[in-house]
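Here is the structure we will look at.
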Amino acid sequence: MIFIVVKFPVKPKFADEWIERTASFTEATLAEEGNKFFEWSRSVKDPNEFVLVEAFENNAAEAHVTSKHFAQAMETMRPMLRETPRIISRVIEGEGWDAMGELQID
């Protein structure tokens, strides 16, 4: 699977609106064939930074980045960002989330 983490440094005046303004992108991506998950979190270190954790089947990433909703989202996000987002994108083994071995709950 393709596992991606992106950090979005948002201008402070847009931080409280970020999730709402990116909601249509999130919904469209979750509906894509081959999407495994697409989850936003707000950084505890910087409240003006949002972290996106996403994954796709190996053959689905190209369709995602060439989609109409992806292009629209890039234009929607651009004026709200204070700098270029940082990304880690890797092909990894597995099909999704596994149970954490060090903290099992019965």
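From a predicted model like this one, the values you see are computed outputs, not experimental measurements.
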Query raised in the report: Are more than 12 heavy atoms from other residues, nucleotides or ligands located less than 6.0 Å from atom CD of Glu20?
Result: no

Query raised in the report: Which residue pairs satisfy the side-chain hydrogen bond (donor to acceptor under 3.5 Å, both in side chains) criterion with at least one member in residues 87-98, sequence neighbours excluded?
Result: Lys36-Glu95

**Report entry** Joint hydrophobic cluster, Ile92 plus Ile4, side-chain heavy atoms closer than 4.5 Å
**Finding:** no

Query raised in the report: Above 12 or not: heavy atoms from other molecules or residues under 6.0 Å from CD of Glu17?
Result: yes

Query raised in the report: Do Met77 and Val65 belong together in a cluster built from hydrophobic side chains that touch within less than 4.5 Å?
Result: yes

Query raised in the report: So, the side chain of Thr22 versus the backbone of Phe25: is there a donor-acceptor pair under 3.5 Å, distance only?
Result: no

Query raised in the report: Rounded to the nearest 0.5 Å, how far does CZ of Phe14 lie from CZ of Arg21?
Result: 5.5 Å

**Report entry** Val10 backbone acceptor or donor facing Arg82 side chain under 3.5 Å
**Finding:** yes

Query raised in the report: Looking only at atom types and distance, does a side-chain atom of Asn35 sit under 3.5 Å from a main-chain N or O of Phe56, one as donor and one as acceptor?
Result: no

Report task. Could you name each residue pair satisfying side-chain hydrogen bond (donor to acceptor under 3.5 Å, both in side chains) that touches residues 4-14, not counting sequence neighbours? Result -> none

Requested in this report: Kindly work out whether a path of hydrophobic side-chain contacts (I/L/V/M/F/W/Y, heavy atoms less than 4.5 Å apart) joins Val51 to Ile87.
Outcome: no

Report task. Spell out, yes or no, whether Ile19 and Leu52 are grouped together once hydrophobic residues are joined by side-chain heavy atoms under 4.5 Å, including indirect joins. Result -> yes

Query - Common cluster, Leu81/Val5, ILVMFWY with side-chain heavy-atom separation under 4.5 Å - result: no

Query raised in the report: Atom CD1 of Ile2 and atom CG of Asn58: how far apart are they, to the nearest 0.5 Å?
Result: 5.0 Å

Requested in this report: Kindly compute the distance separating CZ (Arg42) from CZ (Phe8), expressed to the nearest 0.5 Å.
Outcome: 15.0 Å

Report task. Please work out whether the ring planes of Phe38 and His64 are parallel, tilted or perpendicular, with thresholds of 30° and 60°. Result -> perpendicular

Report summary line: What one should report as the nearest heavy-atom pair of Ala60 and Glu33 is CB-O, 3.7 Å

Query raised in the report: Distance only, no hydrogens: is a donor on one side chain within 3.5 Å (strictly under) of an acceptor on the other, for Gln72 and Thr76?
Result: yes

Query - Minimum-distance pair of heavy atoms, taken over all atoms of Asn48 and Ala15 - result: OD1-CB, 3.3 Å

Query raised in the report: Does the side chain of Val6 come within less than 4.5 Å of Phe50's, by heavy atoms?
Result: no

